[in-house]
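Working notes for the structure below.
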Amino acid sequence: MTSAVVDHAPADGSLRQRPALSPREVEVLRTWLLADTKEEAARSLYLAPTTVTTYITRVRSKYLAAGRPARSKSRLLAHALRDGWIRLEDFA
């Protein structure tokens, strides 16, 4: 399940691909990005921390398949901002 769709062409002319995330993957990703810890995200989603890890691993796999690796939380945040999964205003 690593399908991706072309989002748009950036100014440099290259094509960016936005991975096709499920609504639940987006929910977990957003909650995890906004949380201080994985355990905090898990509590607010009523999940085990290992389940949060599983979802984030899937999201990272989809970004990797789209040619946009996200090995760190900050890189995943940057991708999520560019792709519209989360907004800076969500951190206020």
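The residues of the chain are indexed from 1 along the displayed sequence. Quick caveat: nothing in here was measured; it's all calculated off a predicted structure.
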Taking side chain as C-beta onward, heavy atoms only, is Val59 less than 4.5 Å from Val28?
-> no
Check: Thr31 and Val52 side chains under 4.5 Å, non-hydrogen atoms = no
d(Phe91 CZ, Leu81 CG) to nearest 0.5 Å is 6.0 Å
Of all heavy-atom pairs linking Thr37 and Glu40, the shortest is OG1-N, 3.0 Å
Rounded distance (nearest 0.5 Å) linking atom OG of Ser61 with atom CD1 of Ile56 | 11.0 Å
Side-chain donor/acceptor of Glu25 to backbone N/O of Ser22, under 3.5 Å | yes
Within 6.0 Å of CZ in Arg75, more than 12 heavy atoms from elsewhere | no
Hey, could you give me each pair passing ring pair (Phe, Tyr, Trp, His ring centres under 6.0 Å) that has a residue in residues 34-54? Not counting sequence neighbours.
-> none
Arg60 to Tyr63 six-membered ring, cation-pi geometry met (6.0 Å, 45°) | no
Is the closest side-chain heavy-atom distance between Trp85 and Leu21 below 4.5 Å?
-> yes
What distance do Arg30 atom CZ and Asp90 atom CG have between them, rounded to the nearest 0.5 Å?
-> 4.5 Å
State whether Glu27 and Arg24 are salt-bridged, where the test is any N-O pair (Lys NZ or Arg NE/NH1/NH2 against Asp/Glu carboxylate O) under 4.0 Å.
-> yes
Are the side chain of Lys38 and the backbone of Thr50 linked by a donor-acceptor contact shorter than 3.5 Å?
-> no
Taking the side chain from Thr51 and the backbone from Leu47, do they hold a donor-acceptor pair closer than 3.5 Å?
-> no
State, yes or no, whether a side-chain contact exists between Asp83 and Pro19 at a heavy-atom distance under 4.5 Å.
-> yes
Hey, does the side chain of His79 reach the backbone of Arg18 with a donor-acceptor pair shorter than 3.5 angstrom?
-> no
Distance col, row Leu45:CG vs Trp32:CH2, nearest 0.5 angstrom, shows 13.0 Å
For Ala48 and Ala42, the nearest pair of non-hydrogen atoms, with its separation, is C-CB, 3.9 Å
Nearest-0.5 Å distance, CG of residue Leu77 to CZ of residue Arg82 | 9.5 Å
